[in-house]
Amino acid sequence: MDEELHERVRDIIKTIPSGRVSTYGDIAAAAGASTPRLVGRILSEDGHDLPWHRVLRASGIPAPHLVHRQLELLRAEGVLADGQRIDLRRYRWEGP
DNA sequence: AAAGTGACAGCCG
DNA sequence: ACGGCTGCCACTT
């Protein structure tokens with residue numbers, strides 16, 4: 001049914017440039033999703049081919065089970081973490 | 001039908 | 001600044 005929403009979420013994530021990040025909440029808002037949880041669910045099911053590592057929690061810390069791997073991928077793009085936390089004020093992608 | 005679950009977020013102490 | 005609580009919504013038991 002909500003194939004629409006599903007694709008919108010995927011498209012938005014594809015637009016995040018290398019070296020920048022976004023949050024579940026921002027993506028949910030941009031895609032018109034009713035809750036950020038949906039973004040997480042879509043990523044877990046159908047996010048393998050997307051730059052999923054550029055999506056963080058509102059705190060700037062990645063989802064718990066992924067922290068290590070995700071911070072590594074981000075570091076490779078020049079996104080540096082202070083401990084486990086990314087500075088959103090610096091790297092957050094606000095759209096074009 | 002009710003309760004549990006999860007890649008979340010905001011408020012409060 | 002951080003843990004705890006509560007609201008959230010689609011899915012599964």
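The structure presented is a predicted model; accordingly, all values stated were derived computationally and were not measured. A, B, ... follow the sequence lines: proteins, then strands. Residue 1 opens every chain.
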Over 12 foreign heavy atoms within 6.0 Å of NE2, A:H68: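 No, not enclosed.
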Sequence neighbours left out, what passes salt bridge (charged side-chain N to carboxylate O under 4.0 Å, His left out) with [X]? Give chain and number order.
X     : result
A:E72 : none
A:R20 : none
A:R69 : none

What residues from residues 67-87 of chain A pass a heavy-atom cutoff of under 4.0 Å to DNA chain B?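 The stretch gives none, as no residue of it lies under 4.0 Å from the strand.
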Among residues 48-63 of chain A, which residues get a heavy atom nearer than 4.0 Å to DNA chain C? none
Please tell me if the side chains of A:P96 and A:T15 come closer than 4.5 Å, counting only heavy atoms from C-beta onward.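 Of all side-chain heavy-atom pairs linking A:T15 with A:P96, none is under 4.5 Å.
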Do A:L66 and A:W52 have side chains that get closer than 4.5 Å, going by heavy atoms? yes
Which atom pairs, donor and acceptor, lie under 3.5 Å between side-chain atoms of residues 75-90 of chain A and protein residues at least two apart or in another chain?
from, atom 1, to, atom 2, distance (Å)
A:E77, OE1, A:G19, N, 3.2
A:E77, OE1, A:R54, NE, 3.1
A:E77, OE2, A:H53, NE2, 3.0
A:E77, OE2, A:R54, NE, 3.1
A:E77, OE2, A:R54, NH2, 2.6
A:R85, NE, A:S59, O, 3.2
A:D87, OD1, A:R89, N, 3.0

For the pair A:T23 (side chain) and A:D26 (backbone), establish whether a donor and an acceptor sit closer than 3.5 Å, ignoring hydrogens and angles. yes
With rounding to the nearest 0.5 Å, note down the distance linking CD in A:E94 to CZ in A:R92.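 So the gap between those two atoms works out to 5.5 Å.
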To the nearest angstrom, how far is A:Y24 atom OH from B:dG10 atom C1'?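 A:Y24 atom OH is separated from B:dG10 atom C1' by 17 Å.
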Check: protein-nucleotides 9-13 of chain C nitrogen or oxygen pairs below 3.5 Å:
from, atom 1, to, atom 2, distance (Å)
C:dA10, O3', A:R41, NH2, 3.0

Listed partners of A:L50 passing side-chain contact (heavy atoms from CB on, under 4.5 Å), at least two apart: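 By the side-chain contact (heavy atoms from CB on, under 4.5 Å) rule, A:L50 matches A:R10, A:I13, A:K14, A:L43.
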